[in-house]
Amino acid sequence: MEITQKNVGSIAERIVRNELEYRGFRTVDLNNARDVSDNADILAARAGVYWQIQVKAMTQIKNNENWCFQYGFCNENIIKKEESVFNRKGGYYRANVVILLSVRSPSNYKSIIIPTKKAEEAAQVNLDGYYRLPARDGAERKPHKMWIILEKRPREKINEFTNKQRDILLPYVDDWEKAFAEENL
C-alpha cells in the first residue's frame, strides 16, 4: 500500500490504535463524532484511566534514512502566540497525549509518544527557530507545516532551536508507556 499525504492520517491512527490495544488499552476513534477531532483523535482507556490522544502523522521518504516528524500546520495566530499549537479549539475533548508518527509503511514507522505540554513546548521552540524569525529578505514567514528531522545529519549546521527540540522529543521516541506514566497529564 502506497502511503500518501491523503491517507497517512487514517493509516497512522490505525497504527496508534493497534500499538495501544497491544499494550492493553481499549481505544475509540473520535473522528466520527461531531466536532470532536479538532483536539483529540483517539480516546484510550486502561485500568480505569482515560487519555485523549491527538495523532500527527507524516509520510516518510523511503530513501531518506532520517526520520521526519510534523507538529501540524501553524497559522498567524499561533506564530503571534495568540493560540497554542495543540488543543486550540474549545470543547470537552482536549488531548493530554500527542503521538507524532513518521510512516514509511504500515509496518515501518517511528513514533514519539509525548505529553501534550511537552509537545507544545517543542512546537513553540520550532516556531521560535523559524516562523518567528524574519526570512532572508527580512519579510515575515508565511504559515505552513511545522516539522523536525529527528537525527542530526552529517552536514547540519548547529542550531540551538533544533537541538532543544531534539532534547525534548528524544526521550519519548518509540516509548509507548512513558507519556502515559508521567504525572500531570
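Heavy-atom basis, side chains included; hydrogens, waters and symmetry copies ignored.
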**Study point:** Point-to-point distance, once rounded to the nearest 0.5 Å, from CD of Q124 to OG of S84
**Key:** 8.0 Å
Point to revise | Pair N31-D29, side-chain hydrogen bond (donor to acceptor under 3.5 Å, both in side chains): steps then yes or no | key: CA-CA 6 Å; N31 289 312; D29 181 357; 3.3 Å; yes
Practice item. Look only at the side chain of R132 and the backbone of I79, and say whether a donor-acceptor pair between them is shorter than 3.5 Å. Key: yes
Exercise for review: Verify side-chain contact (heavy atoms from CB on, under 4.5 Å) between V173 and W67, making sure each step is shown before the conclusion.
Suggested key: CA-CA 11 Å; V173 173; W67 291 94; over 6 Å; no
Review point. Which residue pairs pass the salt bridge (charged side-chain N to carboxylate O under 4.0 Å, His left out) test with at least one member in residues 81-94, sequence neighbours excluded?
Key: E83-R88
Check your understanding: What is the minimum heavy-atom distance between V125 and Q165, and which atoms define it?
Key -> CG1-CG, 3.7 Å
Revision key, fill the gap. Value for CZ (F69) from NZ (K56), rounded to nearest 0.5 Å, stands at 15.0 Å
Study note, to complete from the structure: By side-chain contact (heavy atoms from CB on, under 4.5 Å), E140 pairs with (sequence neighbours left out) none
Practice item. Working to the nearest 0.5 Å, report the span between CG of L100 and CE of M58. Key: 11.0 Å
Check your understanding: What is the distance from atom CG of L43 to atom CG of L30, rounded to the nearest 0.5 Å?
Key -> 5.5 Å
Check your understanding: E177: what forms a side-chain contact (heavy atoms from CB on, under 4.5 Å) with it, not counting sequence neighbours?
Key -> R23, R46, D175
Exercise for review: Can you see which heavy atom on S102 is nearest to which on C68, and at what distance?
Suggested key: OG-O, 2.8 Å
Practice item. Taking the side chain as every heavy atom from C-beta outward, state whether V49 and W51 have any atom pair closer than 4.5 Å. Key: yes
Practice item. May I have the step-by-step check of side-chain contact (heavy atoms from CB on, under 4.5 Å) for Y22 and W176, ending in yes or no? Key: CA-CA 10 Å; Y22 174 77; W176 286 87; over 6 Å; no
Check your understanding: Has the side chain of Q54 got a donor or acceptor atom that lies under 3.5 Å from a matching backbone atom of I99?
Key -> no
Check your understanding: Which atoms form the tightest heavy-atom contact between I78 and F73, and what is the distance?
Key -> CD1-O, 4.1 Å
Review point. Can you name the residues that form a side-chain hydrogen bond (donor to acceptor under 3.5 Å, both in side chains) with Y131, not counting sequence neighbours?
Key: none
Study note, to complete from the structure: Closest heavy-atom pair, G90 versus N39, reported as atoms and distance to 0.1 Å, is O-ND2, 4.0 Å
Review point. Does some side-chain heavy atom of R166 sit less than 4.5 Å from a side-chain heavy atom of K152?
Key: yes
Practice item. Assess whether atom NZ of K145 is packed by more than 12 heavy atoms of other residues, nucleotides or ligands within 6.0 Å. Key: yes
Review point. Okay, side chain of T27, backbone of R17: is any donor-acceptor separation there less than 3.5 Å?
Key: no
Revision key, fill the gap. Output for pair (S107 OG, N18 CG), nearest 0.5 Å, gives 11.5 Å
Review point. What class does the angle between the rings of F25 and F180 fall in, given that below 30° is parallel, 30 to 60° is tilted and above 60° is perpendicular?
Key: tilted
Check your understanding: Counting distance only, does the side-chain N/O of S111 pair as donor-acceptor with the main-chain N or O of I113 below 3.5 Å?
Key -> no
Review point. In terms of side-chain heavy atoms, does Y109 have a donor or acceptor partner in E19 at a distance below 3.5 Å?
Key: yes
Exercise for review: Applying side-chain hydrogen bond (donor to acceptor under 3.5 Å, both in side chains), name anything that partners W147, two or more places apart in sequence or on another chain.
Suggested key: none
**Study point:** Heavy-atom pair with the smallest gap, counting every atom of M146 and V85
**Key:** CE-CG1, 3.6 Å
Point to revise | Interatomic spacing from CD1 in I148 to NZ in K164 - rounded to 0.5 Å | key: 12.5 Å
Check your understanding: With distance as the sole test, does N96 use its side chain to make a donor-acceptor pair with the main-chain N or O of Q52 at under 3.5 Å?
Key -> yes
Check your understanding: Going by heavy atoms in the side chains, are I53 and V98 under 4.5 Å from each other?
Key -> no
Check your understanding: Which pair of heavy atoms, one from V55 and one from A12, lies closest together, and at what distance?
Key -> CG1-CB, 4.1 Å
Practice item. Tell me, please, whether Y172 has K118 positioned over its six-membered ring: NZ or CZ under 6.0 Å from the ring centre and within 45 degrees of its axis? Key: no
Check your understanding: With a 3.5 Å cut-off and no angle check, do the side chains of Y130 and R141 form a donor-acceptor pair?
Key -> yes
Review point. Which of these passes side chain to side chain contact (heavy atoms under 4.5 Å, CB included) with L150: I112, T162, N66?
Key: I112
Practice item. Under the salt bridge (Lys or Arg N to Asp or Glu O under 4.0 Å) rule, collect the residues that match up with D174, sequence neighbours excluded. Key: K110
